[in-house]
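Notes for the one structure printed next.
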Amino acid sequence: MHTPSLGGRGAGSLAKRIIPCLDVKEGRTVKGVNFVDLRDAGDPVELAYQYSKQGADELVFLDITATHERRKTMVELVKAVARQVNIPFTIGGGINEISDAEILLHSGADKISINSAAVRNPGLINQLAAAFGRQFVVVAIDTKFVDGRNLVHLNGGRIATEFQTEQWIKEAEERGAGEILLTSMDHDGTKGGFDNGLLKKVNDTLSIPLIASGGAGNVQHFIDVFQHTDVDAALAASVFHYGEILIPSLKEELKKHQIEVRL
């Protein structure tokens with residue numbers, strides 16, 4: 001098992017991370033637009049192996065129907081991925097209690113990600129941080145701009161809440177989150193670029209790493225998100241899955257723009 005680090009903060013901190021995200025449904029990797037119209041993107045274990053070889057810094061696997069269908073994330077997938085990759089990976093989906101996280105961490109995951117369960121039971125963040133250390137706890141947040149406010153959405157974006165995104169992020173940090181994974185539902189799958197305005201606003205208030213998610217369509221979008229928001233990591237799915245962006249060339253371009261990455 002790899003030892004996850006909390007990353008650095010602010011300019012001049014540790015290298016920026018590039019993180020492919022694999023949304024898993026019924027054992028296959030899928031990708032949609034604005035969280036709907038899912039299409040197949042391949043075998044998650046094979047993709048994980050390829051990304052590890054390409055130079056991805058970490059991987060995130062989200063069992064996107066686990067919460068919705070009330071079933072647990074696939075332990076067998078975690079074991080298979082752990083055998084294939086030598087970089088840290090995070091698993092999310094259907095984690096509702098300490099025992100769920102324990103099984104996944106013991107099966108080879110490096111971090112666990114909680115989303116809907118954390119909103120429904122905020123104390124779960126405290127419990128997980130106390131049990132495993134906050135560096136193992138990623139709080140994922142799906143946000144959408146509704147009537148002039150950024151609101152948290154649950155169950156793979158199906159359910160709107162009255163939680164304001166910025167306030168929930170601060171609470172998650174105070175409760176022991178080690179990292180925030182923030183996905184803009186308005187940008188997700190559109191390939192129009194990250195939500196840099198919101199990301200900068202959030203990142204300026206945080207003392208833990210922020211992972212940007214939702215909207216990557218080309219290399220310039222990665223350059224922009226790091227230069228304009230100083231987030232710690234950028235996550236993407238379809239541009240990697242369908243070979244539109246190759247991680248080695250992405251990192252070369254970031255390096256040319258004085259953005260520190262691990263080559």
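Predicted model, so just to flag it, every value in this text is computed and none were measured.
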Is Tyr49 reachable from Phe61 through a run of hydrophobic residues whose side-chain heavy atoms are each under 4.5 Å from the next? no

Cluster link Val202 to Leu151, ILVMFWY, side chain under 4.5 Å: no

Determine whether Lys256 and Glu253 satisfy the following criterion, salt bridge (charged side-chain N to carboxylate O under 4.0 Å, His left out), listing intermediate values before the conclusion. CA-CA 5 Å; Lys256 284 179 193 167; Glu253 282 302 311; 3.0 Å; yes

Could you walk me through whether Leu246 and Phe240 pass the side chain to side chain contact (heavy atoms under 4.5 Å, CB included) test, one step at a time? CA-CA 6 Å; Leu246 297 174; Phe240 295 141; over 6 Å; no

Does the side chain of Leu47 come within less than 4.5 Å of Pro20's, by heavy atoms? no

Test side-chain hydrogen bond (donor to acceptor under 3.5 Å, both in side chains) on Ser52 and Asn86 and set out the steps. CA-CA 7 Å; Ser52 178; Asn86 59 357; 2.9 Å; yes

Is there a side-chain contact between Phe89 and Val78, using heavy atoms and a 4.5 Å cut-off? yes

For Ile114 and Ala118, work out which heavy atoms get closest and say how close. CD1-CB, 3.7 Å

Measure the shortest side-chain to side-chain distance between Thr90 and Ile112 over non-hydrogen atoms and say whether it is less than 4.5 angstrom. no

Please list, chain by chain and in numerical order, all residues satisfying ring pair (Phe, Tyr, Trp, His ring centres under 6.0 Å) with Phe163, sequence neighbours excluded. Trp168

In Lys16, Lys200, Lys201, the residue satisfying salt bridge (charged side-chain N to carboxylate O under 4.0 Å, His left out) with Asp230 is Lys16

Spacing of OG1 belonging to Thr229 relative to CG belonging to Leu210, to within rounding of 0.5 Å: 7.0 Å

Grouping I, L, V, M, F, W and Y whenever their side-chain heavy atoms are under 4.5 Å apart, do Ile98 and Ile103 come out in a common cluster? yes

Kindly indicate, with the supporting measurements, whether the criterion side chain to side chain contact (heavy atoms under 4.5 Å, CB included) is fulfilled by Ile18 and Leu250. CA-CA 9 Å; Ile18 300 299; Leu250 169 59; 3.9 Å; yes

Is there side-chain contact between Lys251 and Arg262, with heavy atoms separated by less than 4.5 Å? yes

Nearest heavy-atom contact between Val152 and Thr165 is N-OG1, 3.6 Å

Take Arg134 and Glu179 through the salt bridge (charged side-chain N to carboxylate O under 4.0 Å, His left out) test and state the conclusion after the steps. CA-CA 8 Å; Arg134 63 188 296 160; Glu179 271 182 294; over 6 Å; no

Between atom CD1 of Ile245 and atom CD of Gln54, what is the distance when rounded to the nearest 0.5 Å? 11.0 Å

What distance do Ile19 atom CD1 and Asp57 atom CG have between them, rounded to the nearest 0.5 Å? 7.5 Å

In terms of heavy-atom contacts, Tyr51 and His241 come closest through OH-ND1, 2.7 Å

Would you say Val225 ends up clustered with Phe145 if hydrophobic residues are merged whenever their side chains have heavy atoms under 4.5 Å apart, either directly or through other cluster members? no

Should the pair Arg149-Glu162 be classified as a salt bridge under the 4.0 Å nitrogen-to-oxygen rule? yes

From Ile91 atom CD1 to Leu59 atom CG, the distance as rounded to the nearest 0.5 Å: 9.5 Å

Using side chain to side chain contact (heavy atoms under 4.5 Å, CB included), reason through Gln227 and Gln258 one step at a time and then give a plain yes or no. CA-CA 9 Å; Gln227 287 186 335; Gln258 281 71 56; over 6 Å; no

Is any side-chain heavy atom of Leu62 less than 4.5 Å from a side-chain heavy atom of Ser113? yes

Sub-4.5 Å side-chain heavy-atom contact between Phe194 and Leu199: yes

Can Asp142 and Asn115 be counted as having a side-chain donor-acceptor contact under 3.5 angstrom? yes

Under a 4.5 Å cut-off applied to non-hydrogen side-chain atoms, are Thr183 and Ile141 in contact? no

Test item: side-chain donor near acceptor, Ser207 and Glu173, under 3.5 Å: yes

Let me check something: do Leu124 and Ile159 share a hydrophobic cluster, defined by ILVMFWY side-chain heavy atoms less than 4.5 Å apart, either directly or through other members? yes

Given 3.5 Å as the limit, does a donor-acceptor pair link the side chain of Arg158 with the main chain of Asn155, or not? yes

Calculate, to the nearest 0.5 Å, the distance between atoms CD1 and NE2 belonging to Ile223 and His228 respectively. 10.0 Å

Can you check salt bridge (charged side-chain N to carboxylate O under 4.0 Å, His left out) on Asp232 and Arg17, steps first, answer last? CA-CA 6 Å; Asp232 297 81; Arg17 291 171 287 152; 5.3 Å; no

Between Ile211 and Leu235, what is the shortest heavy-atom contact and its length? CG2-CB, 3.8 Å

For Phe226, enumerate each residue passing the ring pair (Phe, Tyr, Trp, His ring centres under 6.0 Å) test, keeping only those at least two apart in sequence or located in another chain. none

Qualifying residue for side chain to side chain contact (heavy atoms under 4.5 Å, CB included) with Leu198, from Asp186, Leu182, Asn203: Leu182

Quick one: pull up NZ in Lys144 and CG in Asp188 and give me the separation to the nearest 0.5 Å. 11.0 Å

Gln50 and Glu46 side chains, donor-acceptor separation under 3.5 Å: yes

Going by distance alone, is a donor N or O of one side chain under 3.5 Å from an acceptor N or O of the other, for Glu166 and Asn150? yes

Run the numbers on Leu22 and Val60 for side chain to side chain contact (heavy atoms under 4.5 Å, CB included), then give the verdict. CA-CA 6 Å; Leu22 295 91; Val60 170; over 6 Å; no

Audit row: Glu244, Lys191, salt bridge (charged side-chain N to carboxylate O under 4.0 Å, His left out) steps and yes/no: CA-CA 11 Å; Glu244 293 156 48; Lys191 300 187 181 176; 2.6 Å; yes

Looking only at heavy atoms, what is the nearest atom pair of Arg175 and Ala129, with distance? O-CB, 4.4 Å

Could you tell me which non-hydrogen atom of His153 sits nearest to which non-hydrogen atom of Ala160, and how far apart they are? NE2-CB, 3.5 Å

Would a 4.5 Å heavy-atom cut-off, applied to side chains only, mark Leu128 and Phe136 as touching? no

